[in-house]
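Report on one structure; see the data block that follows.
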Amino acid sequence: MKPVLLAGLLSSVLSVPLANAAEEAAAPAAAPASPHTLTTNIGFFTDYTFRGISYTKERGAVQGGIDYSHSSGFYLGVWGTNVNNEALYGNTVEVDVYGGYLRPLTDDLSINVGFLQFFYPDSNHPGAGTANKGGSPNTTELNAALTYKYFTLKHSYAVTNFFGLNDRLLGNGDTRGSGYTELNFNYKLPVADLNLALHVGRQTVHNYSQANYTDWLVGVNKDFSIAGTTGWNAGVNYTTTNASDSWYVDAKGWETGNDRFIGYIKRTF
């Protein structure tokens with residue numbers, strides 16, 4: 001009887017882990033995390049300011065986009081905004097397509113190379129209706145950026161004429177090769193979870209030094225949730241430039257490079 005009893009005890013003890021192992025083997029494996037990420041965003045701004053220059057004359061802008069990224073570092077996106085028809089040759093909409101590759105080099109250092117294509121569906125050219133009509137405002141830039149901790153240094157280089165400014169319009173050569181160099185600083189403050197944003201940039205327009213200028217920005221913003229929904233961000237920026245008031249002016253004489261405060265609220269899904 002003892003061997004039989006011992007065999008029974010061993011059988012009952014070993015059956016538990018064997019049963020668990022069988023259940024684990026039968027259970028489906030957890031699905032691996034997808035390498036693809038897709039997000040959308042929409043925002044409401046008191047002004048659309050591009051490199052310190054106002055494109056909506058402080059009359060408000062609705063902006064939104066879709067972004068795709070891959071775990072390998074490649075990304076692609078499309079973004080749009082309204083534009084005041086007096087600020088950019090009568091165009092009323094801007095659509096940007098961009099993409100590139102982001103690669104971490106160390107825990108604190110990363111490099112980003114890409115492109116940015118500006119589209120203006122209205123297709124209104126500078127100098128339209130005159131003998132000196134300029135080129136298409138659609139502009140293509142290549143860019144490269146280096147980020148170290150809170151700092152990002154970036155340069156953008158125009159491989160087309162800069163927003164339609166060409167020799168036929170201005171008479172001093174084309175504007176291919178125009179560039180924009182910027183330094184950005186983003187840091188979470190130890191006060192109310194506010195984010196600090198600082199920026200300085202230098203725009204150069206090839207063959208037209210009178211159009212060169214520097215812009216500055218300082219702002220604070222905050223991430224928050226509303227009724228349990230996350231992805232919200234709101235803030236205020238102050239921006240100014242030393243742009244020539246005789247060059248950066250709209251069709252009715254409004255100086256687009258003057259200083260201004262910009263408030264906004266946006267959400268990313």
Side-chain angles (χ1 to χ4, degrees), residues 34-56 59-85 87-103 110-126 135-145 147 152 154-165 176 178-180 182 184 186 197 199 201 203 217 219 221 223 229-235 237 239 262 264-269:
S34 173
H36 309 283
T37 301
L38 188 67
T39 62
T40 60
N41 62 85
I42 186 169
F44 302 89
F45 296 73
T46 59
D47 186 56
Y48 169 34
T49 296
F50 174 70
R51 297 176 182 172
I53 304 300
S54 174
Y55 279 3
T56 54
R59 296 177 182 176
V62 180
Q63 304 176 348
I66 302 174
D67 293 285
Y68 164 80
S69 63
H70 190 270
S71 59
S72 63
F74 288 98
Y75 61 90
L76 187 67
V78 60
W79 176 89
T81 180
N82 59 292
V83 176
N84 186 274
N85 64 348
L88 197 69
Y89 326 136
N91 292 288
T92 58
V93 176
E94 177 183 315
V95 177
D96 299 344
V97 177
Y98 49 87
Y101 177 68
L102 172 65
R103 180 179 177 83
S110 63
I111 188 170
N112 189 342
V113 294
F115 74 92
L116 174 56
Q117 175 66 57
F118 302 87
F119 286 111
Y120 296 93
D122 294 318
S123 298
N124 293 322
H125 292 209
S136 168
N138 299 338
T139 301
T140 305
E141 290 186 341
L142 303 180
N143 55 68
T147 297
T152 298
K154 180 179 179 179
H155 181 72
S156 301
Y157 179 87
V159 295
T160 63
N161 279 312
F162 191 65
F163 296 93
L165 307 179
R176 295 181 182 87
S178 297
Y180 185 71
E182 58 187 296
N184 300 295
N186 292 281
H199 160 90
Q203 177 70 62
L217 178 146
N221 62 81
D223 301 309
T229 61
T230 60
W232 293 91
N233 179 270
N237 298 327
T239 183
I262 304 165
Y264 68 87
I265 182 170
K266 61 182 181 180
R267 189 186 179 195
T268 300
F269 300 86

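Note that these values count all heavy atoms, side chains included, but never hydrogens, waters or copies made by symmetry.
Taking all atoms of both residues into account, the shortest heavy-atom contact from Thr139 to Thr160 is CA-OG1, 3.4 Å. Closest approach of Pro137 to Asn91, counting heavy atoms only: CG-ND2, 4.1 Å. The heavy-atom pair separating Thr81 from Ala61 by the smallest distance is OG1-CB, 3.9 Å. Nearest heavy-atom pair across Ser178 and Gln203 is CB-NE2, 4.4 Å. Closest heavy-atom contact between Gly164 and Pro126: O-CG, 3.4 Å. Of all heavy-atom pairs spanning Thr46 and Ile262, the tightest one is OG1-CA, 3.3 Å.
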Q) Hey, mind stepping through Asp47 and Thr56 against side-chain hydrogen bond (donor to acceptor under 3.5 Å, both in side chains) and telling me if it holds? A) CA-CA 6 Å; Asp47 186 56; Thr56 54; 2.8 Å; yes
**Q.** Pair Asn233-Tyr264, side-chain hydrogen bond (donor to acceptor under 3.5 Å, both in side chains): steps then yes or no
**A.** CA-CA 8 Å; Asn233 179 270; Tyr264 68 87; 3.2 Å; yes
Q: Dump the intermediate steps for side chain to side chain contact (heavy atoms under 4.5 Å, CB included) on Arg267 and Thr229, then the final yes or no.
A: CA-CA 10 Å; Arg267 189 186 179 195; Thr229 61; 3.4 Å; yes
Q: Please lay out, stage by stage, how Thr92 and Asn85 fare under the test side-chain hydrogen bond (donor to acceptor under 3.5 Å, both in side chains).
A: CA-CA 5 Å; Thr92 58; Asn85 64 348; over 6 Å; no
Q: Determine, step by step, whether Val62 and Asn82 satisfy the side chain to side chain contact (heavy atoms under 4.5 Å, CB included) criterion, reporting the C-alpha distance in whole Å, the side-chain angles of both residues, the deciding distance to 0.1 Å, and the verdict.
A: CA-CA 6 Å; Val62 180; Asn82 59 292; 4.3 Å; yes
Q: Could you give me the CA-CA distance, side-chain angles and deciding distance for Arg103 and Ser110, then say whether side chain to side chain contact (heavy atoms under 4.5 Å, CB included) is met?
A: CA-CA 6 Å; Arg103 180 179 177 83; Ser110 63; over 6 Å; no
Q: Could you walk me through whether Gln63 and Ile42 pass side chain to side chain contact (heavy atoms under 4.5 Å, CB included), step by step?
A: CA-CA 6 Å; Gln63 304 176 348; Ile42 186 169; over 6 Å; no
Q | Stepwise side-chain hydrogen bond (donor to acceptor under 3.5 Å, both in side chains) test for Thr239 and Asn237 | A | CA-CA 6 Å; Thr239 183; Asn237 298 327; over 6 Å; no
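In this structure the side chain of Tyr120 reaches within 4.5 angstrom of the side chain of Phe163, judged on heavy atoms. Using a 4.5 Å heavy-atom threshold, the side chains of Ser156 and Lys154 count as touching. Annotation: side chain of Asn84 is in contact with side chain of Arg59 (closest heavy-atom distance under 4.5 Å). Side-chain contact check for His125 versus Tyr89: every heavy-atom pair is 4.5 Å or farther apart. Put simply, the side chain of Lys266 does not reach to within 4.5 Å of the side chain of Phe44, judged on heavy atoms. Side chains of His70 and Tyr75 form no contact here, defined as non-hydrogen atoms less than 4.5 Å apart.
Here Leu76 contributes atom CG and Ser69 contributes atom OG; the two are 10.5 Å apart, rounded to the nearest 0.5 Å. Atoms CZ and CG, on Phe115 and Leu142 in that order, are 9.5 Å from each other to the nearest 0.5 Å. The structure places CH2 of Trp232 at 5.5 Å from CD1 of Ile265, a figure rounded to the nearest 0.5 Å. Expressed to the nearest 0.5 Å, how far OG1 of Thr152 lies from CG of Asn186 amounts to 6.5 Å.
Applying the ring-ring contact (aromatic ring centres under 6.0 Å, His included) rule to Phe162 yields no partners; only residues at least two apart in sequence or on another chain are considered. For Val78, the side-chain contact (heavy atoms from CB on, under 4.5 Å) criterion is met by Ile66, Val95, Val97, not counting sequence neighbours. With sequence neighbours excluded, no residue forms a salt bridge (Lys or Arg N to Asp or Glu O under 4.0 Å) with Asp67. Partners of Phe269 under the ring-ring contact (aromatic ring centres under 6.0 Å, His included) rule, at least two apart in sequence or in another chain, do not exist in this structure. A search for side-chain contact (heavy atoms from CB on, under 4.5 Å) contacts involving Leu116 returns Asp96, Tyr98, Phe118, Glu141, Asn143, not counting sequence neighbours. A search for side-chain contact (heavy atoms from CB on, under 4.5 Å) contacts involving Ser34 returns His36, not counting sequence neighbours.
Residues Tyr48 and Trp79 bring their aromatic ring centres within 6.0 Å.
Formation of a donor-acceptor pair under 3.5 Å by the Asn124 side chain with backbone atoms of Gly90 is found in this model.
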